[in-house]
Peer 1: 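Have a look at the structure that comes next, please.
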Number of protein chains: 2
Amino acid sequence: MNVRSADDLTTRARIRDAAVLRFARSGFGATVRTIAADAGVSPALVIHHFGSKDTLHAACDEHVLAWIAETKRQNMGRATSGGLLEVLAQQDELAPLMGYVLRSLQAGGSVGKAFVEHMIDDAEKYTAEAVEQGIAKPSRDERARVRYLVMASLGSLLLSVTLDPPEDPEDVNATVRRYTADFYLPMLELFTEGFLTSRRMLDDYLLYVGDPPSAHRADGEEAPSADDPAA
Amino acid sequence: MNVRSADDLTTRARIRDAAVLRFARSGFGATVRTIAADAGVSPALVIHHFGSKDTLHAACDEHVLAWIAETKRQNMGRATSGGLLEVLAQQDELAPLMGYVLRSLQAGGSVGKAFVEHMIDDAEKYTAEAVEQGIAKPSRDERARVRYLVMASLGSLLLSVTLDPPEDPEDVNATVRRYTADFYLPMLELFTEGFLTSRRMLDDYLLYVGDPPSAHRADGEEAPSADDPAA
DNA sequence: CCAGCCGCTGAACGTGTGTTTAGGCTTATG
DNA sequence: CATAAGCCTAAACACACGTTCAGCGGCTGG
């Protein structure tokens, strides 16, 4: 009998790791042949171990997801909403996996989705603490704010990577660093000073929609008729 | 002689339009055969008119780019940084083209790049006006702020679309509407009230980097030395 | 020492792709 | 009416892909 699920130090694991790396580097359109070459095996062996390319993809997803959970557990509390990304990409060894996450975000894969949800959950917790400690201002809709902040951070990072990808696709590190260098000041500025001088737009909008603290899922219907919120 | 470049009301134009629509709907991996079927012609004719799929793609890019320029010219001044997207997606006829832009953003194509640059340029102008009129607060680095705001807006929208795409891929309208409904309040809140209660993080950062108004490309100068008013 | 098994491979298959080729149909022109 | 030219198509080609298949080789158990 050989190892099957628990501890794989085997060729199967080597193939999976090569696939993660290759997917991160070249996207999910990467060829089975390429992955096999990376792992130093024949294409047939890849299929023999995983059954199909889709199954391999799923295995990679699962693996990266597990890695995310692990990293989260280790760095509990060290990362803040905005800082998590840097923590993740800081260690060079973890950079490829971060690249994989970005690819999944780009492709709308399950890993990307789960990653966003994780980040939102974490950020919600940290933000609540920050509000409690008087560091952050309270929001009319904490969940919505956190969702927005995470989506904006992740989205702008993703867009940066997509629009001018690093020469060495493996070096997500450099990209995140550049992203931080470019956007940290305006982000901080916006976070401490805001952007608008008057409250008019906000008050008008609140008046218009009726100021509900939350119009999200998880509570029944009667959403404030989302016809044309902009005017 | 037939028309070649100036006025195409011809089959060639029909193919191009079908391609734009299909690319927007299914991404740039869409088949030549599918595009041909959409246009009601044979696959061979597509190649006959455009030479190759890549050339067709380029023609679509060019066409959409021209459309963007046109729309910009028509809606000069009506759109603000945040509102431009809605203006673009508002008209149902333009929605497909907006979908094309999103696809190009997702794939890192030239149209996406150009679109972002256009939006940044516009936003910079509108922001400058807003600052001048006292509506918006001035920034330590206007260009960086505008870049950040545009990247965050576009990125979060792109991420929204990618993570849970609309059932009908053609209906970018609905997506943008949902995006607005979800994020308008937290965005407005952040823009008017900020997020942090104290200036410490910002001041610390400014102290750390030496408070240059701009450490970007395009100026090789050094910033007015690091004695900043904050402390 | 032998038998059997298991990891593994080279070569092939089937499919879907972009593209090419040869020719048909319609239309304008002498 | 005959001829030539353009728009267009069916069929095929070349290639890359995921996947299958038959079999090799070294290891282990008896």
Side-chain angles (χ1 to χ4, degrees), chain A residues 1-63 100 103-104 106-107 109-110, chain B residues 1-63 100 103-104 106-107 109-110:
Chain A
M1 263 307 165
N2 55 1
V3 287
R4 178 62 53 98
S5 62
D7 63 330
D8 25 17
L9 244 37
T10 50
T11 307
R12 182 190 156 96
R14 253 183 41 232
I15 294 176
R16 170 174 43 66
D17 290 350
V20 169
L21 222 77
R22 176 51 62 184
F23 282 149
R25 190 178 312 203
S26 313
F28 295 111
T31 331
V32 170
R33 284 171 170 83
T34 310
I35 295 170
D38 287 351
V41 298
S42 72
L45 192 63
V46 176
I47 299 298
H48 173 245
H49 273 305
F50 291 92
S52 77
K53 186 188 175 182
D54 283 341
T55 316
L56 171 62
H57 186 164
C60 291
D61 277 6
E62 196 179 359
H63 183 239
Y100 187 95
R103 288 288 183 187
S104 184
Q106 196 170 26
S110 62
Chain B
M1 263 305 168
N2 57 0
V3 286
R4 177 61 55 98
S5 61
D7 65 329
D8 22 19
L9 244 36
T10 51
T11 306
R12 181 189 157 98
R14 255 183 39 232
I15 295 176
R16 169 174 43 66
D17 290 350
V20 169
L21 222 76
R22 175 51 62 185
F23 281 149
R25 188 176 315 200
S26 313
F28 295 111
T31 356
V32 170
R33 283 171 170 82
T34 311
I35 295 170
D38 287 352
V41 298
S42 73
L45 192 63
V46 176
I47 299 298
H48 173 244
H49 273 304
F50 291 92
S52 76
K53 187 188 174 182
D54 283 341
T55 316
L56 171 61
H57 187 162
C60 291
D61 277 7
E62 196 181 358
H63 184 238
Y100 187 96
R103 289 287 182 188
S104 184
Q106 195 171 25
S110 63

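Within every chain, numbering begins at 1; the chains are lettered A, B, ... in the order of the sequence lines, protein sequences first and strands thereafter. In this text the structure is predicted, and so the values were computed from the model without any measurement.
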Peer 1: Could you tell me how far apart B:Arg22 (CZ) and C:dG18 (P) are, to the nearest whole angstrom?
Peer 2: 13 Å
Peer 1: Under 3.5 Å, is there a donor-acceptor pair between the side chain of B:Lys53 and the main chain of B:Thr31?
Peer 2: no
Peer 1: Which pair of non-hydrogen atoms, one from B:Pro43 and one from B:Val32, has the smallest distance, and what is that distance?
Peer 2: O-CG1, 4.0 Å
Peer 1: For the residue pair B:Phe28 and B:Phe23, categorise the inter-ring angle as parallel (less than 30°), tilted (30 to 60°) or perpendicular (more than 60°).
Peer 2: tilted
Peer 1: Determine the sole option in A:Arg14, A:Arg16, A:Arg25, A:Arg22 for which the salt bridge (Lys or Arg N to Asp or Glu O under 4.0 Å) test with A:Asp38 is passed.
Peer 2: A:Arg22
Peer 1: Under 3.5 Å, is there any donor-acceptor pair linking the side chain of B:Arg33 to the base of C:dG16?
Peer 2: no
Peer 1: Nearest whole Å is fine: how far is C:dG18 P from B:His49 NE2?
Peer 2: 18 Å
Peer 1: Of the nucleotides C:dT9, D:dC8, D:dT19, which one has an atom closest to the side chain of A:Ala44?
Peer 2: C:dT9
Peer 1: side-chain contact (heavy atoms from CB on, under 4.5 Å) for B:Phe50 and B:His57? Distances and angles first, verdict last.
Peer 2: CA-CA 9 Å; B:Phe50 291 92; B:His57 187 162; over 6 Å; no
Peer 1: Reckon A:Ala30 touches a base, only the sugar-phosphate, or nothing at all at heavy-atom distances under 4.0 Å?
Peer 2: sugar-phosphate
Peer 1: Would you indicate which nucleotide in C:dT19, D:dT9, D:dC8 comes nearest to any side-chain atom of B:Thr11?
Peer 2: D:dC8
Peer 1: Provide, to the nearest angstrom, the distance between the CD1 atom belonging to A:Ile47 and the P atom belonging to C:dC8.
Peer 2: 15 Å
Peer 1: Calculate the interatomic distance between A:His48 atom NE2 and C:dC6 atom P; express it in whole Å.
Peer 2: 10 Å
Peer 1: Would you say B:Thr31 reaches C:dG18's phosphate, i.e. side-chain N/O to OP1/OP2 under 4.0 Å?
Peer 2: no
Peer 1: Rounded to whole angstrom units, what separation is found between the CD1 atom of A:Ile15 and the C1' atom of D:dT19?
Peer 2: 15 Å
Peer 1: Considering only C:dT19, D:dG18, C:dT9, which nucleotide approaches the side chain of A:Val32 most closely?
Peer 2: D:dG18
Peer 1: Please report the distance, rounded to the nearest Å, between CZ in A:Phe28 and P in D:dG18.
Peer 2: 14 Å
Peer 1: Please give, in whole Å, the distance from D:dC21 C1' to A:Leu45 CG?
Peer 2: 15 Å
Peer 1: Please report, rounded to the nearest Å, how far the C1' atom of D:dC17 is from the NZ atom of A:Lys53.
Peer 2: 9 Å
